[in-house]
Amino acid sequence: MEPMPASLDRLRRLPRAEVHVHLEGCFDAALLEQWSQRFGESMPRPRESLFRFEGLADFLEFLDWACGLVRTSDELSEAAYAFAARLHGSGGGYGDLIFNPTHWHHWHGRLPQMLDALDAGLRAAEQDGLPPVGLCVSLLRTQSAQAAAELVDLLLTLRHPRVVALSIDGNEASAGRTGPRFAGAFRRAGAAGLKRTVHAGESSGPEGVRDAVVLLGADRIDHGVRAIEDAAVVKMLAERGIPLGVCPTSNVSLGVYRWLAEHPLERLRQAGVPISINTDDPALLGTSLEREYDLCRAASAWSDDDLRAVARTSIDACFANDDVKARLRAALSRW
Ligand code: ADE
Ligand code: ZN
């Protein structure tokens, strides 16, 4: 293994949570190639360029293909275990893992079995000393109000202990303004004690972020960075203390910003918006949690106190139980 540069190694030891990361974005190219060969399926493009995406729509299509290769409960359990191992390798002490059932074609109509398989992998991981992980079950922006209501019905019937939140992801640019469509489902989920996390302000502008707060009652926003385009939305986030799960490399790779120097994360932070740093889809985007922290540290000249503050936000913003949060905060105070 390559020796790790000192700054990355030090950041790896910074106690923190990851709050915006998708199971669908954690497959590496070799595994996908192996699975596609097993089923005699062709790859959408050669392995060398497999993870070259033309934007969010192309990326989401790729997720359908990749997740469509997963057929058995054991494979799902292994994917969940591998996520916990990846998080541990990056020094994460807890993860909120987004999982969107619509991408997994062989599993449609079998959410309880999927949750049990993921839970088995995450339980095995914890028994092996890997970090605890909560699941955020996600709707896709392009789904109907009826589908959203059915997902919430099922989640409230199952009350699966591994599920911490209702989430929504996908492409707001192709779906249009859908906050009103999902408001009822999110209201019911929140009233029943599920947390709510909402992708907005990535493929939508600041109006999507406002809808996430006002219509969907978001406890946390995934991305949210385009709030910067409307000072009133920035003020609302800061005043209400609604945290953003920011993913800098994802935003550059999927075309929201041309390069990191353009990214508004530091302006948002200086305006008092709580932000944490995350990977979104680490394997597909070729990044890691410690790398994202290091890129931001260098781009915004963060001091150790700044790093501690961002790590602290990640712990405050995560949906872990109080014991896990207390343990992470205590470890952070010793960093
Ligand atoms: N699903 C996985 N990654 C995503 C992203 N960056 N935006 C919306 N949906 C996603
Ligand atoms: Zn995301």
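Counting starts at 1 for both ligands and their atoms, following the listed order. Because only heavy atoms are used, hydrogens play no part in the values below, and waters and symmetry mates are left out as well, while side chains stay in.
- Using a 4.0 Å cutoff on heavy atoms, Ile98 does not count as a contact of ligand 1.
- Transitive grouping of hydrophobic side chains (ILVMFWY, heavy atoms separated by less than 4.5 Å) keeps Leu130 and Tyr94 in distinct clusters.
- With hydrogens and angles ignored, the 3.5 Å screen pairs no side-chain donor or acceptor of Arg327 with any backbone N or O of Asp322.
- Taking backbone and side chain together, Cys247 holds no N, O or S atom under 2.8 Å from the Zn ion (ligand 2).
- The proximity of Leu60 to ligand 1, defined as any non-hydrogen pair under 4.0 Å, is limited to the side chain.
- Residue His22 holds the heavy atom nearest to atom 1 (N) of ligand 1 of all those in His103, His199, Arg141, His22.
- At least one donor-acceptor pair under 3.5 Å links the side chain of Arg16 to the backbone N or O of Gly91.
- Judged by a 6.0 Å distance limit and a 45° cone about the ring axis, Arg220 is positioned over the six-membered ring of Phe319.
- At least one heavy atom of Glu202 sits closer than 4.0 Å to an atom of ligand 1.
- Among the backbone and side-chain atoms of Asp280, an N/O/S atom is found under 2.8 Å from the Zn ion (ligand 2).
- The shortest N/O to N/O separation between Phe59 and ligand 1 does not fall below 3.5 Å.
- Inclusion of Asp280 in the set of residues having an N or O under 3.5 Å from an N or O of ligand 1 is warranted.
- His22 has its closest N, O or S atom to the Zn ion (ligand 2) at the position named NE2.
- What sits closest to atom 9 (N) of ligand 1 on the protein, heavy atoms only, is Gly170 N, 3.0 Å.
- Counting backbone and side-chain atoms alike, His223 contributes no N/O/S atom closer than 2.8 Å to the Zn ion (ligand 2).
- Taking 4.5 Å as the limit, some side-chain heavy atom of Val246 sits within range of a side-chain heavy atom of His263.
- Looking only at protein heavy atoms, the nearest one to atom 3 (N) of ligand 1 is Asp281 OD2, 2.9 Å.
- Under the 3.5 Å distance criterion, with hydrogens and angles disregarded, a donor-acceptor pair is assigned to the side chains of Ser276 and Asn278.
- The closest approach between a heavy atom of Asn171 and any atom of ligand 1 is not below 4.0 Å.
- Looking only at atom types and distance, the side chain of Asp74 has no donor-acceptor partner in the side chain of Ser77 under 3.5 Å away.
- Remark: the His22 side chain and the His199 side chain contain an N/O donor-acceptor pair separated by less than 3.5 Å.
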